[in-house]
Amino acid sequence: SSLTTSLDHYMKKSVCSFLLLLAGFSSLSQNKKLDSLYTLLSNHPQEDTLRVQLLNSICHYEYTSDNEKNKLHANEAFEIAKRINYKPGMGTALKYRSLYYWVIGDYEQATKHALEMLRVFEGTTNDLGLSQAYNLLGLIHERSRDYEKAKDHYMKALEIRQKAGLKRDVAYSFNSLGSLHVSLSKYDEALEYFLKSLAIRKELGDEDILSQTYGNLAVVYMK
């Protein structure tokens, strides 16, 4: 019994150390990209589609590093996009508004903004935006432990992405489904989804995101 406890403790420490190491490499890359985006933003005060795109791109990195900045940028992006009737910009800004609340654990508000995002993209030809809205709803339901709804939304996102030929995002969907099955302690299923994600990312040569898949595989094998 004491040996089992010691092994469990060692495994948890090993997983945490491994993920922290990956996070360290990821942070260096993100900081460089953020610096470049902030420089571009400061040189482009015009309230047009480009400024909206820059603000949303910054949100992509800030919601995991400085969520309060993410909220400010997402709000500015949404207001500009709404004023100039730029729907892709509105939908993406709503995604980061939703993620702001997801990070702080307010799943009701996160769901509200994710559903607004879904409505923006419904009836359009923007398959990427629509699939991201469904994937986001899956993420929110997974975090709030409504696993059936999470799987339903993840599968809708996957179906849209496969039909549209969005290979990179299909890999993200497989990764999301893998993470969901880890939460359910269904490691064989999780492994299957992570390996599918890995195969696509290798095919695309997507080196920046391959570390995520390898990290997830390592966690599954250790568990």
**Item:** Criterion side-chain contact (heavy atoms from CB on, under 4.5 Å) on Y61 and I58, from CA distance to verdict
**Value:** CA-CA 6 Å; Y61 299 106; I58 288 169; over 6 Å; no
Short question: side chain of [X], backbone of [Y] - any donor-acceptor pair under 3.5 Å?
{"X": "S98", "Y": "L94", "answer": "no"}
{"X": "S36", "Y": "K32", "answer": "yes"}
{"X": "D152", "Y": "E148", "answer": "no"}
{"X": "N67", "Y": "N70", "answer": "no"}

**Request:** Please test H141 against Y147 for ring-ring contact (aromatic ring centres under 6.0 Å, His included), starting from the C-alpha separation and ending with a verdict.
**Result:** CA-CA 6 Å; H141 287 302; Y147 297 125; over 10 Å; no
With rounding to the nearest 0.5 angstrom, report the [atom1] to [atom2] distance, [X] to [Y].
{"X": "L55", "Y": "L41", "atom1": "CG", "atom2": "CG", "result": "5.0 Å"}
{"X": "N126", "Y": "K87", "atom1": "CG", "atom2": "NZ", "result": "11.0 Å"}
{"X": "D206", "Y": "T213", "atom1": "CG", "atom2": "OG1", "result": "8.5 Å"}
{"X": "W102", "Y": "L136", "atom1": "CH2", "atom2": "CG", "result": "9.0 Å"}
{"X": "M155", "Y": "L180", "atom1": "CE", "atom2": "CG", "result": "10.5 Å"}
{"X": "H44", "Y": "T39", "atom1": "NE2", "atom2": "OG1", "result": "14.5 Å"}

Considering all heavy atoms of both residues, which atom of [X] and which atom of [Y] are nearest to each other, and what is their separation?
{"X": "I160", "Y": "S131", "result": "CG2-CB, 4.0 Å"}
{"X": "M117", "Y": "A133", "result": "CE-N, 3.6 Å"}
{"X": "D48", "Y": "I84", "result": "C-CD1, 3.8 Å"}
{"X": "N175", "Y": "F194", "result": "O-CE2, 3.4 Å"}
{"X": "S42", "Y": "P45", "result": "O-CD, 4.4 Å"}
{"X": "F78", "Y": "R97", "result": "CD2-NH2, 3.5 Å"}

Shared hydrophobic cluster for [X] and [Y] (ILVMFWY, side-chain gaps under 4.5 Å):
{"X": "L158", "Y": "L139", "value": "yes"}
{"X": "L177", "Y": "I200", "value": "yes"}
{"X": "I140", "Y": "L115", "value": "yes"}
{"X": "M222", "Y": "L184", "value": "no"}
{"X": "F121", "Y": "Y86", "value": "no"}

**Request:** Report yes or no: is the cationic atom of R201 (NZ for Lys, CZ for Arg) under 6.0 Å from the centre of the six-membered ring of Y172, at an angle within 45° of the ring normal?
**Result:** yes
**Asked** With a distance cut-off below 6.0 Å to the six-membered ring centre and an angular limit of 45° from the axis, does R143 pair with Y107 as a cation-pi contact?
**Response** no
Quick test of your reading of the model: are [X] and [Y] salt-bridged, counting only N-O distances below 4.0 Å?
{"X": "K71", "Y": "E62", "result": "no"}
{"X": "R83", "Y": "E79", "result": "no"}
{"X": "D127", "Y": "R161", "result": "no"}

**Prompt:** Between the side chains of E159 and Y134, does any donor sit under 3.5 Å from an acceptor?
**Reply:** no
**Request:** State whether a side-chain donor-acceptor pair under 3.5 Å links Y187 with E192.
**Result:** no
**Item:** Y193: ring-ring contact (aromatic ring centres under 6.0 Å, His included) partners, not counting sequence neighbours
**Value:** H181
**Message:** Show, in sequence, the C-alpha distance, side-chain angles and deciding distance for S179 and E142, and conclude whether the side chain to side chain donor-acceptor pair (under 3.5 Å) test is met.
**Reply:** CA-CA 9 Å; S179 296; E142 181 182 350; 5.4 Å; no
**Message:** Can you tell me how the ring of Y63 sits relative to the ring of Y96, calling it parallel under 30°, perpendicular over 60° and tilted otherwise?
**Reply:** tilted
**Request:** Give the intermediate values and the outcome of side chain to side chain donor-acceptor pair (under 3.5 Å) for residues E68 and Y100.
**Result:** CA-CA 8 Å; E68 293 302 321; Y100 169 79; 3.0 Å; yes
**Asked** Passes ring-ring contact (aromatic ring centres under 6.0 Å, His included), Y38 versus H73? Steps please.
**Response** CA-CA 11 Å; Y38 273 119; H73 294 314; 5.7 Å; yes
**Test side-chain contact (heavy atoms from CB on, under 4.5 Å) applied to Q212 and I209, step by step** = CA-CA 5 Å; Q212 180 195 60; I209 205 66; 3.9 Å; yes
**Prompt:** Counting only heavy atoms not in Q46, do more than 12 fall under 6.0 Å of its CD?
**Reply:** yes
**Message:** Before you tell me yes or no, could you show the steps for H153 and N135 under side-chain contact (heavy atoms from CB on, under 4.5 Å), namely the whole-Å CA-CA distance, both residues' side-chain angles and the distance that decides it to 0.1 Å?
**Reply:** CA-CA 6 Å; H153 289 304; N135 209 72; over 6 Å; no
